[in-house]
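Notes for the one structure printed next.
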Amino acid sequence: METIEMENNGFAHPLEILPPPINQGLIGSCSAVATVQCLSATLQMMLGGLQDPARRASVQELIDKIQEAFANDCYRAVPGEGGFCGFPPEIAFEYIKQYGVAVEANHPYCGQRTSTPTPPDSPRIWIQGFTVKRIMLPGTDSPDFVIQPIIRPIILQQLVVGVLRAPESLEQHREGVYQGAKDVDDAKTAGGHAVVVFGYGTENGQDYYWIQNTWGPEWGDNGIGKVSAHLFIYFVYPDLEGITIQEPGEGSA
């Protein structure tokens, strides 16, 4: 398998386990895309073989269903996004834990919220649980400086969803380590953004994470890039035990 060249004892999962990059389009669906890509890549890592839409989770189901299932946990609708309410990745994982999620082959992504029902005969992917690791301790402004040694061993075993502060300048990033806002005005544009984290390293003394972004293959190098570790706020990942694909009627894990 192809691997990414590492500097200073860094690590990255083989690129072959990553599903093709998805462009979230004009709606704030980064958490849906990142959660699905993370879960699908983790499942690919566990099962081996070639990438197969029949065992990749459906982004579209999360976009269509979470707003109804967890209305109180979604963000307010964004003007111009057709009433779509975004949500944090932990809510996406909670949905999959409670309801499972169809496979991509049966409910493909269309880039907007729809009322299309999930085919009842679709296999579903389930998780038994997930974990959240925060950089900032809840209710404080104090960084938890032990997050790096905590999260790196997790990344060695599986992919995770990372939430970072993303100014507009991240959209133009193409190579090297993205360091953050370019100036004061750029910093004012920063908002939370979810991505898949599949590796880490250090370059010129700067810790970074390898990510697959949610902005399609045009971003970075075919959707992949390096982002400074200090920009990340928290991480979410599925528990490896209990990830299953089940046929209709088999019940949840």
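Numbers here simply count residues along the sequence, with the first being 1. Note: hydrogens, waters and symmetry copies are ignored here, and every other heavy atom, side chains too, is used.
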Does the side chain of Tyr109 come within less than 4.5 Å of Ser29's, by heavy atoms?
-> yes
Do the side chains of Ile233 and Leu164 get nearer than 4.5 Å, heavy atoms only?
-> no
Quick one: are Ile91 and Ile66 in side-chain contact, heavy atoms under 4.5 Å?
-> yes
What is the distance from atom OG of Ser58 to atom CG of Asp64, rounded to the nearest 0.5 Å?
-> 7.5 Å
Between His173 and Tyr178, how do the two ring planes meet: parallel, tilted or perpendicular, split at 30° and 60°?
-> perpendicular
Say whether, by atom type as modelled, one donor and one acceptor occur between the side chain of Asn106 and the main chain of Pro119 under 3.5 angstrom.
-> no
Kindly compute the distance separating CD1 (Ile245) from CG (Leu43), expressed to the nearest 0.5 Å.
-> 4.5 Å
Would a 4.5 Å heavy-atom cut-off, applied to side chains only, mark Leu47 and Arg55 as touching?
-> yes
Phe198 vs Val160 side-chain heavy atoms within contact, under 4.5 Å = no
Check the pair Tyr99 / Lys65 against side-chain contact (heavy atoms from CB on, under 4.5 Å), numbers first and verdict last.
-> CA-CA 10 Å; Tyr99 303 102; Lys65 302 297 185 182; over 6 Å; no
Say you draw a straight line from CD of Gln212 to CD of Gln37; how long is it, rounded to the nearest 0.5 Å?
-> 5.0 Å
Take Leu15 and Ile224 through the test side-chain contact (heavy atoms from CB on, under 4.5 Å) and record every step on the way to the result.
-> CA-CA 10 Å; Leu15 294 179; Ile224 289 169; 3.4 Å; yes
Nearest-0.5 Å distance that lies between atom CG in Leu240 and atom OH in Tyr237 = 9.5 Å
Stepwise side-chain contact (heavy atoms from CB on, under 4.5 Å) check, Gln60 with Thr114 | CA-CA 8 Å; Gln60 193 62 44; Thr114 74; 3.9 Å; yes
Looking at the rings of Tyr209 and Phe232, which for Trp means the six-membered one, are their centres under 6.0 Å apart?
-> yes
List the steps and the verdict of salt bridge (charged side-chain N to carboxylate O under 4.0 Å, His left out) for Glu61 and Arg124.
-> CA-CA 11 Å; Glu61 180 175 339; Arg124 298 186 72 74; 2.5 Å; yes
From Leu156 atom CG to Ile151 atom CD1, the distance as rounded to the nearest 0.5 Å = 10.5 Å
List the atom of Ala57, the atom of Val101, and the distance in Å for their closest heavy-atom pair.
-> CB-CG1, 3.8 Å
On a heavy-atom basis, the closest approach of Ala102 and Thr118 is CB-CG2, 3.4 Å
Between Ile154 and Ile150, the two heavy atoms sitting closest are CG1-O, 3.5 Å
Heavy-atom closest contact (Gln24 atom, His193 atom, distance) | OE1-CE1, 3.7 Å
Under 6.0 Å from the six-membered ring centre of Tyr208 and within 45° of its axis: does the NZ or CZ of Lys226 meet both?
-> yes
If only atom types and distance count, is the side chain of Gln67 paired as donor or acceptor with the main-chain N or O of Phe87 below 3.5 Å?
-> no
Verify side-chain contact (heavy atoms from CB on, under 4.5 Å) between Val132 and Phe130, making sure each step is shown before the conclusion.
-> CA-CA 7 Å; Val132 179; Phe130 60 92; 4.1 Å; yes
Do Gln206 and Ser228 pass the side-chain hydrogen bond (donor to acceptor under 3.5 Å, both in side chains) test, and can you show the C-alpha distance, the side-chain angles, and the key distance before you say yes or no?
-> CA-CA 7 Å; Gln206 175 66 62; Ser228 177; 2.7 Å; yes
Which atom names give the shortest non-hydrogen contact between Pro167 and Thr189, and what distance separates them?
-> CA-OG1, 3.5 Å
Mind running salt bridge (charged side-chain N to carboxylate O under 4.0 Å, His left out) on Asp239 and Lys97 for me, showing each step along the way?
-> CA-CA 10 Å; Asp239 298 345; Lys97 176 184 174 182; over 6 Å; no
Using the ring of each side chain (for Trp, its six-membered ring), is Tyr200 parallel, tilted or perpendicular to Phe11, with breaks at 30° and 60°?
-> tilted
Would you find more than 12 non-hydrogen atoms of other residues, nucleotides or ligands less than 6.0 Å from Asp221 atom CG?
-> no
Heavy-atom closest pair, residues Pro238 and Ile127 | CB-CG2, 4.2 Å
Taking it one step at a time, do Arg56 and Gln51 satisfy side-chain hydrogen bond (donor to acceptor under 3.5 Å, both in side chains)?
-> CA-CA 8 Å; Arg56 290 203 297 264; Gln51 278 286 345; 3.3 Å; yes
Measure the NE2-CH2 distance between His13 and Trp210 for me, rounded to the nearest 0.5 Å.
-> 14.0 Å
Is it true that a side-chain atom of Glu104 and a backbone atom of Ser40 form a donor plus acceptor pair closer than 3.5 Å?
-> no
Counting only heavy atoms not in Gln172, do more than 12 sit closer than 6.0 Å to its CD atom?
-> yes
Side chains of Val163 and Phe235: closer than 4.5 Å at any heavy-atom pair?
-> no
Does Leu159 reach the side chain of Ile17, with side-chain heavy atoms less than 4.5 Å apart?
-> yes
Any Tyr234 side-chain heavy atom under 4.5 Å of Pro89 side chain = yes
From CA spacing to verdict: side-chain hydrogen bond (donor to acceptor under 3.5 Å, both in side chains), Glu241, Gln128 | CA-CA 7 Å; Glu241 283 193 32; Gln128 286 189 343; over 6 Å; no
Salt-bridged, Arg134 to Glu90, with N to O below 4.0 Å?
-> yes
